[in-house]
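Here is the structure we will look at.
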Amino acid sequence: MPEIKLDESWKARLGEEFSKEYMLRLRAFLMQEKQAGKTIYPKGSEFFRAMDLTPFDQVKVVILGQDPYHGPGQAHGLSFSVRPGIQQPPSLVNIFKELQSDLGIPPAPHGCLEQWAREGVLLLNSVLSVEHKQAASHQGQGWEQFTDRIIHALAEQRENLVFILWGSYAQKKGNFIDTSRHCVIRSPHPSPLSSYRGFFGSRPFSQANAYLMEHGIAPVNWQLSEVCQEERATLV
């Protein structure tokens, strides 16, 4: 495993995972892939970026994705998000359309969701790496077990979280979540293949904020700045 850049609040809960057999096998697999000259996304220091940007105790909402984007320059460790300056993928375009329909927030000029992560939205993929142009290439190598531990820790140790599960894959992964302790929002995936089957009109953003406010938790500001924080840092 490359350098582990992970917020201390998560290290305290997940640290033991890194010495378990499944994670050692995953580390060996990633090293083998790299030695074979394969390009892997995102870069190793960003595998755990979702947790690094959203500490355990600050999580309000979990948006669960499947795999990182597998095109050049896209993935940077946050589900559905792309780096500044990269064209918005179709699923993200649809997410922004639903956000506008739901809350009247116009689409951002970029696809970087880092600001959501800093607002307490854990943008977690089930699998945290992928080979260049090879969708789902790192499934079944151990990442799913690791991200299951993340979801279990949140579901068991926190109260009144919102889990947004888009598509059957995410819904299956989160089917153990206790809905008496947390809000679980399910709908079809925002991809062009399924977005018109119920994703559009599902109003996940207003639902999430309504639940948070009902439980005395500050709502998420879903409005993204014109310039992503990550991009702004490169401009200074």
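Nothing here was measured: the structure is a model prediction, and the numbers come from that model.
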Side-chain donor/acceptor of [X] to backbone N/O of [Y], under 3.5 Å:
X: Glu119; Y: Asn221; answer: yes
X: Gln207; Y: Ser202; answer: yes
X: Asp102; Y: Ser206; answer: yes
X: Gln74; Y: Gly71; answer: yes
X: Glu98; Y: Arg203; answer: yes
X: Glu17; Y: Ile150; answer: no

More than 12 heavy atoms of other groups within 6.0 Å of [X] [atom1]:
X: Gln223; atom1: CD; answer: yes
X: Lys20; atom1: NZ; answer: yes
X: Gln87; atom1: CD; answer: no

Given side chains that start at C-beta, do those of [X] and [Y] come closer than 4.5 Å, heavy atoms only?
X: Trp166; Y: Ser91; answer: no
X: Gln134; Y: His70; answer: no
X: Val59; Y: Trp10; answer: yes
X: Lys133; Y: Pro72; answer: yes

Hydrophobic cluster membership, with links at side-chain heavy-atom distances under 4.5 Å among I/L/V/M/F/W/Y: are [X] and [Y] in one?
X: Leu64; Y: Phe176; value: yes
X: Met213; Y: Val62; value: no
X: Leu103; Y: Tyr211; value: yes
X: Leu123; Y: Val93; value: no

Taking all atoms of both residues into account, what is the closest heavy-atom pair of [X] and [Y], and its distance?
X: Trp222; Y: Ala208; value: CZ2-CB, 4.4 Å
X: Glu33; Y: Ile40; value: CB-CD1, 3.8 Å
X: Thr54; Y: Ala117; value: OG1-O, 2.8 Å
X: Ala75; Y: Pro42; value: O-CB, 3.6 Å
X: Ser195; Y: Asn94; value: OG-ND2, 3.5 Å
X: Leu124; Y: Met51; value: CD1-SD, 3.9 Å

Using 0.5 Å steps for rounding, measure from the [atom1] atom of [X] to the [atom2] atom of [Y].
X: Ser191; Y: Tyr196; atom1: OG; atom2: OH; value: 11.5 Å
X: Leu78; Y: Tyr69; atom1: CG; atom2: OH; value: 10.5 Å
X: Ser137; Y: Asp67; atom1: OG; atom2: CG; value: 7.5 Å
X: Leu14; Y: Thr147; atom1: CG; atom2: OG1; value: 10.5 Å
X: Glu21; Y: Gln145; atom1: CD; atom2: CD; value: 10.5 Å
X: Lys34; Y: Thr39; atom1: NZ; atom2: OG1; value: 10.0 Å

Practice prompt. Please write out which residues are connected to Leu24 in a hydrophobic cluster, directly or through intermediates, given that two of Ile, Leu, Val, Met, Phe, Trp, Tyr count as joined at side-chain heavy-atom separations below 4.5 angstrom.
Written response: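 None, because no other hydrophobic side chain comes under 4.5 Å of this residue.
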
Discussion item. Run the ring-ring contact (aromatic ring centres under 6.0 Å, His included) test on His110 and Phe96 for me, step by step, so that the C-alpha distance in whole Å, both residues' side-chain angles and the decisive distance to 0.1 Å come before the verdict.
Written reply: CA-CA 11 Å; His110 58 81; Phe96 284 162; 7.7 Å; no

Discussion item. Gln115 vs Arg118, test: side-chain contact (heavy atoms from CB on, under 4.5 Å). Steps then yes/no.
Written reply: CA-CA 5 Å; Gln115 204 171 330; Arg118 297 185 189 280; 5.7 Å; no

Fill in: Test applied, side chain to side chain contact (heavy atoms under 4.5 Å, CB included); reference residue, Arg27; option that passes from Arg25, Met23, Met31
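Answer to the side chain to side chain contact (heavy atoms under 4.5 Å, CB included) test with Arg27 among Arg25, Met23, Met31: Met31.
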
Worksheet entry | Proximity of Phe18 and Phe48 rings by center, below 6.0 Å | yes

With a cut-off of 3.5 Å and sequence neighbours excluded, list every side-chain donor-acceptor pair involving residues 125-132.
from   : atom 1 : to     : atom 2 : distance (Å)
Asn125 : OD1    : Gln66  : N      : 3.3
Ser126 : OG     : Tyr169 : OH     : 3.1
Ser126 : OG     : Lys173 : NZ     : 3.4
Ser129 : OG     : His138 : ND1    : 2.6
Ser129 : OG     : Trp143 : NE1    : 2.8
His132 : ND1    : Tyr41  : OH     : 2.8

Discussion item. Applying side-chain contact (heavy atoms from CB on, under 4.5 Å) to Phe163 and Leu154, what does each step give before you reach the verdict?
Written reply: CA-CA 10 Å; Phe163 291 86; Leu154 288 166; 4.3 Å; yes

Practice prompt. Determine, stepwise, if the pair Ser81 / Glu114 fulfils side-chain contact (heavy atoms from CB on, under 4.5 Å).
Written response: CA-CA 8 Å; Ser81 178; Glu114 187 177 289; 6.0 Å; no

Practice prompt. List the steps, then state whether side-chain contact (heavy atoms from CB on, under 4.5 Å) holds for Ile95 with Leu113.
Written response: CA-CA 11 Å; Ile95 289 169; Leu113 304 181; 5.9 Å; no

Discussion item. Can you pull out every side chain to side chain donor-acceptor pair (under 3.5 Å) where at least one residue sits in residues 175-187? Sequence neighbours excluded, please.
Written reply: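 Only Glu159-Arg181, Asp178-Ser180 qualify under side chain to side chain donor-acceptor pair (under 3.5 Å).
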
Worksheet item: Can Ser9 and Asp57 be counted as having a side-chain donor-acceptor contact under 3.5 angstrom?
Response: no

Discussion item. Can you tell me how the ring of Phe205 sits relative to the ring of Trp116, calling it parallel under 30°, perpendicular over 60° and tilted otherwise?
Written reply: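 If you compare the ring of Phe205 with that of Trp116, the planes turn out tilted.
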
